[in-house]
Amino acid sequence: MSRERPLQGGCSCGRNRYIIQIPQDATERPQVFFDHSHSHRRSQATPLSAWLRVPLSWYQSKTFAFFDDETNATIRRAYTSPREQSSKRHFCGFCGTPLSYWSESPPSEADYISLTLGSLSGEDLRDLEELDLLPKEAVEDAEHDNEKIENVPFASSNDAKEGLPWFENLVQGSKLGNMRRNWGSRQSGNSRFKVEWEIMEWTDENDTEATSSAKRKIGEVEESDAHMEGAH
């Protein structure tokens with residue numbers, strides 16, 4: 001397995017960046033895996049974490065200081081749990097993004113590093129299909145997906161434009177696939193008030209239409225803005 005362009009990733013604020021260069025003569029393969037062990041649940045604050053495991057020799061990282069008083073040690077932080085003395089978890093010291101997990105238990109694992117899958121750039125996350133690292137069912141479904149995926153620059157704040165058809169197909173048909181999330185914002189005419197909302201919708205298998213009492217039409221929002229302006 002080889003790849004001309006390295007995989008890239010980093011933290012949310014852009015101070016930490018890394019690349020994964022797969023050698024032309026590589027005999028090993030990157031490994032995507034999901035973990036729900038107690039240690040990963042606690043450290044990642046999620047019931048299920050996703051990782052990309054690669055040989056340590058493929059991995060290179062850099063830090064970028066935005067101000068003069070920032071150092072490599074303050075940008076790329078490491079944490080070792082008292083319960084995991086043989087491991088290190090790296091994260092950004094400014095935005096807090098979890099970046100990697102390394103362990104020397106067992107000793108053979110010291111030659112590998114696991115990167116948080118979500119820290120990969122959006123384009124490279126979609127390219128995991130190219131590396132043949134995903135379940136066959138997810139790849140086949142994604143190939144028939146007609147959704148247009150826009151190329152989003154790395155570290156862009158416009159997260160709403162990113163899409164991962166292979167991940168969406170993994171959860172489709174499961175309980176997670178019955179959940180939808182919508183969000184947005186609206187500003188009053190005089191720019192004095194701004195309303196942001198987030199809606200989580202759950203569709204039961206026996207329901208034909210999901211309803212939510214938390215929804216309001218645009219007209220109702222405008223009427224609410226008028227009341228708020230009159231109160232000041």
Side-chain angles (χ1 to χ4, degrees), residues 1 3 5-23 26 28-67 69-128 131 133-135 152 154-157 159 162 164 166-167 170-171 176 181:
M1 173 183 294
R3 177 185 171 92
R5 181 176 60 82
L7 296 171
Q8 301 181 57
C11 66
S12 179
C13 69
R15 287 178 170 88
N16 289 274
R17 297 285 182 90
Y18 65 80
I19 63 171
I20 301 170
Q21 184 67 64
I22 303 176
E28 295 189 82
R29 294 168 53 85
Q31 178 187 5
V32 172
F33 70 96
F34 300 87
D35 194 290
H36 59 86
S37 63
H38 179 268
S39 61
H40 283 319
R41 288 203 311 268
R42 298 292 293 177
S43 65
Q44 302 299 111
T46 179
L48 183 68
S49 55
W51 305 86
L52 178 67
R53 179 178 177 269
V54 298
L56 192 58
S57 59
W58 297 2
Y59 170 77
Q60 298 178 33
S61 66
K62 289 185 178 181
T63 59
F64 297 86
F66 291 176
F67 300 97
D69 60 346
E70 297 177 2
T71 65
N72 180 74
T74 61
I75 295 174
R76 189 170 186 263
R77 303 292 300 275
Y79 172 72
T80 295
S81 169
R83 299 181 179 181
E84 295 180 302
Q85 294 291 331
S86 60
S87 67
K88 287 185 179 181
R89 297 180 184 275
H90 288 97
F91 63 96
C92 177
F94 287 84
C95 66
T97 301
L99 296 168
S100 65
Y101 172 77
W102 174 86
S103 176
E104 55 182 356
S105 178
S108 59
E109 275 301 301
D111 294 331
Y112 298 87
I113 188 169
S114 296
L115 293 311
T116 51
L117 203 59
S119 66
L120 281 173
S121 69
E123 180 180 359
D124 288 333
L125 269 175
R126 294 189 287 272
D127 284 350
L128 292 180
L131 296 177
L133 299 177
L134 303 173
V152 182
F154 176 70
S156 169
S157 61
D159 297 332
E162 291 199 25
L164 294 175
W166 60 263
F167 185 78
L170 278 177
V171 300
L176 288 176
R181 175 176 176 243

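Keep in mind it's a predicted model, so treat the numbers as computed, not measured. One-based numbering along the sequence shown.
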TODO: Return yes if some donor-acceptor pair links the side-chain N/O of N16 with the main-chain N/O of F91 below 3.5 Å, else return no.
DONE: no
Task: Residues forming a side-chain hydrogen bond (donor to acceptor under 3.5 Å, both in side chains) with E104, sequence neighbours excluded - done: none
- [ ] Report the distance from atom CD1 of I75 to atom OG of S61, rounding to the nearest 0.5 Å.
- [x] 11.0 Å
- [ ] Check ring-ring contact (aromatic ring centres under 6.0 Å, His included) between Y59 and all other residues, then give those that pass, not counting sequence neighbours.
- [x] Y18
Open item on the list: Using every non-hydrogen atom in the two residues, find where H36 and L48 come nearest and quote the distance to one decimal.
Closed with: CB-CD1, 4.2 Å
Open item on the list: Show me the pairs that pass salt bridge (charged side-chain N to carboxylate O under 4.0 Å, His left out) and involve residues 31-50, at least two apart or across chains.
Closed with: none
Open item on the list: Going by the rule ring-ring contact (aromatic ring centres under 6.0 Å, His included), which residues pair with H40 if we only count those two or more places apart in sequence or in a different chain?
Closed with: W51, Y101
Task: Nearest-0.5 Å distance, CG of residue L125 to CG of residue L120 - done: 5.0 Å
- [ ] Mark yes or no for whether T97, through its side chain, and S12, through its backbone, hold a donor-acceptor pair below 3.5 Å.
- [x] yes
TODO: Measure the spacing between OG1 of T71 and CG of D69 and express it to the nearest 0.5 Å.
DONE: 8.5 Å
- [ ] Please identify each residue that fulfils salt bridge (Lys or Arg N to Asp or Glu O under 4.0 Å) with R15, with sequence neighbours left out.
- [x] E70
Task: Minimum heavy-atom distance C11-L99, with the two atoms named - done: N-CD2, 3.9 Å
Open item on the list: Using every non-hydrogen atom in the two residues, find where W58 and A26 come nearest and quote the distance to one decimal.
Closed with: CZ2-CB, 3.8 Å
TODO: Measure across C13 and F94 and return the closest heavy-atom pair with its distance rounded to 0.1 Å.
DONE: SG-CB, 4.4 Å
Open item on the list: Checking the side chain of S121 only, and the main-chain atoms of G9 only, is there a donor and an acceptor separated by less than 3.5 Å?
Closed with: no
Open item on the list: Could you report the tightest heavy-atom contact between I19 and P6, atom names first, then the distance?
Closed with: CB-CB, 4.3 Å
Task: Check ion pair R53-E28 (N to O, under 4.0 angstrom) - done: no
Task: Nearest-0.5 Å distance that lies between atom OG in S39 and atom CD in Q44 - done: 9.5 Å
TODO: Taking the side chain as every heavy atom from C-beta outward, state whether S114 and E109 have any atom pair closer than 4.5 Å.
DONE: no
Open item on the list: Side chains of V54 and L7, heavy atoms from C-beta outward: is any pair under 4.5 Å?
Closed with: no
Open item on the list: What I'd like to find out is whether the side chain of L56 reaches to under 4.5 Å of the side chain of D111, using heavy atoms alone.
Closed with: no
Task: Reported OG-to-CH2 distance for the pair S86 and W102, which is rounded to 0.5 angstrom - done: 7.5 Å
- [ ] Please say whether more than 12 non-hydrogen atoms of neighbouring residues, nucleotides or ligands are located less than 6.0 Å from CD in Q60.
- [x] no
Open item on the list: Which residues pass the side-chain hydrogen bond (donor to acceptor under 3.5 Å, both in side chains) test with T116, not counting sequence neighbours?
Closed with: S119
TODO: For side-chain contact (heavy atoms from CB on, under 4.5 Å), just list the numbers for I20 and L52, CA-CA rounded to whole Å, side-chain angles, deciding distance to a tenth of an Å, and then say yes or no.
DONE: CA-CA 10 Å; I20 301 170; L52 178 67; 3.8 Å; yes
Task: Side-chain donor-acceptor contact under 3.5 Å, R89 with S43 - done: yes
Task: Nearest heavy atoms of G14 and F64, plus distance in Å - done: O-CD1, 4.1 Å
TODO: Mind checking the CZ-NE2 spacing from R76 to H90? Nearest 0.5 Å is all I need.
DONE: 4.0 Å
